[in-house]
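Letters A, B, ... are given to chains in the order of the sequence lines, protein chains preceding strands, and every chain is numbered from 1. These numbers were taken from a predicted model, which means no experiment stands behind them. Basis for what follows: all heavy atoms, side chains included, without hydrogens, waters or symmetry-related copies.
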Amino acid sequence: MRIVLNNAMDFLPEHTFECGQCFRWNKEKDGSFTGVAKGRAVNLSYDGRNIIIDGADNKDETFWRAYLDLTRDYGKIKESISSTSVMREALNFGYGIRILKQEFFETLISFIISQRSSIPKIKSCIEKMCREYGKEIEYKGKIYYSFPSTEELKEAKESDFEKFGVGYRAKYLERAVKDVLEGKINEEELLSLSTKEARAKLLEMYGVGNKVADCVLLFGLSRFDSFPVDVWVDRAMKEFFNGGDGITLFGENSGFAQQYLFYYKRSIG
DNA sequence: CGCCAGGGACGAA
DNA sequence: TTCGTCCATGGC
């Protein structure tokens with residue numbers, strides 16, 4: 001069972017999966033990546049032209065194309081944000097990054113966990129949570145776990161989340177699950193709102209500030225006119241753009257610019 | 001505005 | 001080996 005997506009350009013698994021936007025893809029010895037999305041564990045490899053998604057169902061081809069953002073012309077986007085030499089450097093360095101279209105609830109929970117933490121630590125917390133509350137998925141003789149649904153996390157209390165090492169964020173997580181279950185936060189509604197309105201709605205949540213809201217908008221709701229500012233992007237903006245504002249500089253393609261900048265600045269320090 | 005919060009990764013000593 | 005600093009920050 002596999003899907004082959006032909007002629008995929010402007011794509012590199014390593015940069016897409018290791019640029020800090022996702023936490024559930026891991027590199028194999030052969031350079032391919034194994035990850036869990038849509039409740040399925042798959043292995044993705046790329047030969048420079050074609051993407052092979054082993055373990056994926058044929059009927060999910062549309063999902064994977066959307067997930068990998070393959071229908072978007074990155075050449076055009078990169079051109080629109082390459083006005084400075086630093087940006088050209090960042091775009092060259094992060095060649096092949098595509099902004100994944102991740103599931104809303106997973107993105108929300110993951111980025112609440114992410115606040116003031118490090119990527120390896122975030123991955124470890126999420127993995128423990130999936131193991132405890134997600135569904136078992138067998139792939140190539142190994143057991144993986146789906147990201148838990150709101151229903152699966154329904155009974156999880158602050159003390160349950162604490163077991164995964166999320167620390168003081170546990171109380172935020174309990175409340176977030178409740179907000180989604182009660183419909184206080186609703187994906188359909190957020191999608192119907194403008195980016196600014198959806199952002200305001202997310203900011204009403206306990207434990208969700210500007211940075212987390214912007215990550216949810218960008219990675220979970222495909223709002224590319226958002227510009228999450230973490231410590232690295234903050235440094236990059238001060239150092240390379242005199243502290244200028246990302247949205248003002250990059251407009252509707254801010255999200256892409258931000259991702260290339262984040263990955264670039266984090267690597268050079 | 002300033003302070004503080006899990007806990008692990010990471011580098012310096 | 002141990003210690004200090006930092007981390008895809010937000011609440012108070």
Exercise for review: Return no unless some side-chain N or O of A:Arg235 is found under 4.0 Å from OP1 or OP2 of C:dC7.
Suggested key: yes

Study note, to complete from the structure: Against the side chain of A:Cys215, the closest entry in C:dC12, B:dA5, C:dA8 is C:dA8

Review point. Should the pair A:Arg65-A:Glu61 be classified as a salt bridge under the 4.0 Å nitrogen-to-oxygen rule?
Key: yes

Exercise for review: Let me know the distance between CZ of A:Arg266 and C1' of C:dA8, rounded to the nearest Å.
Suggested key: 8 Å

Exercise for review: Would you mind classifying the nucleic acid contact of A:Phe219 as base, sugar-phosphate or nothing, using non-hydrogen atoms under 4.0 angstrom?
Suggested key: base

**Study point:** Sugar-phosphate only, base, or nothing, as touched by A:Val208 at under 4.0 Å among non-hydrogen atoms
**Key:** sugar-phosphate

Revision key, fill the gap. Regarding the side chain of A:Tyr206, the nearest nucleotide among C:dT9, C:dC12, C:dA8 is C:dC12

Review point. What's the CD-P distance between A:Gln102 and C:dA8, to the nearest Å?
Key: 16 Å

Practice item. Identify whether any heavy atom of A:Val212 sits under 4.0 Å from a base atom; if not, whether one sits that close to sugar-phosphate; answer base, sugar-phosphate or nothing. Key: sugar-phosphate

Review point. Once you round it to whole Å, what is the distance between P of C:dA8 and CG of A:Asn210?
Key: 18 Å

**Study point:** Closest to side chain of A:Gln115, choosing from C:dG10, C:dA8, B:dG8
**Key:** C:dG10

**Study point:** Between B:dG8 (C1') and A:Arg116 (CZ): distance, integer Å
**Key:** 12 Å

Point to revise | d(CD1, A:Ile113; C1', B:dA5) in whole Å | key: 16 Å

Check your understanding: Are the ring of A:Phe111 and the base ring of C:dA8 both nearer than 5.5 Å at their centres and tilted by less than 30°?
Key -> no

Review point. Would you call A:Lys184 and A:Glu204 a salt bridge, using N to O less than 4.0 angstrom?
Key: no

**Study point:** Euclidean distance for P, C:dT5 against B:dC3 (whole angstrom)
**Key:** 15 Å

Check your understanding: Tell me: OH of A:Tyr172 to C1' of C:dC12, nearest whole Å?
Key -> 9 Å

Point to revise | First of A:Val231 and A:Leu203 reached from the 5' end of DNA chain C, by closest nucleotide | key: A:Val231

Exercise for review: Considering only atom P, compute the distance from B:dC10 to C:dA8 and round it to an integer number of Å.
Suggested key: 11 Å

Review point. How long is the line joining CD of A:Glu162 and P of B:dG8, in whole Å?
Key: 14 Å

Review point. Checking all strands, does A:Gly207 fall into the base, sugar-phosphate, or nothing category for heavy-atom contacts under 4.0 angstrom?
Key: sugar-phosphate

Review point. For the rings on A:Tyr74 and A:Phe256, is their centre-to-centre separation under 6.0 Å?
Key: yes

Review point. Aromatic ring centroids of A:Phe23 and A:Phe111 under 6.0 Å?
Key: yes

Review point. How is A:Ser117 classified with respect to the nucleic acid when contacts are heavy atoms under 4.0 Å: base, sugar-phosphate, or nothing?
Key: base

Exercise for review: List the steps and the verdict of side-chain hydrogen bond (donor to acceptor under 3.5 Å, both in side chains) for A:Gln102 and A:Thr107.
Suggested key: CA-CA 7 Å; A:Gln102 303 183 66; A:Thr107 310; 4.8 Å; no

Check your understanding: Taking atom P in both C:dC12 and B:dG6, what distance in whole Å separates the two?
Key -> 13 Å

Review point. Any chance the rings of A:Tyr260 and A:Phe250 have centres within less than 6.0 Å?
Key: no

Study note, to complete from the structure: Atom CG of A:Leu217 and atom C1' of C:dA8 are separated, to the nearest Å, by 15 Å

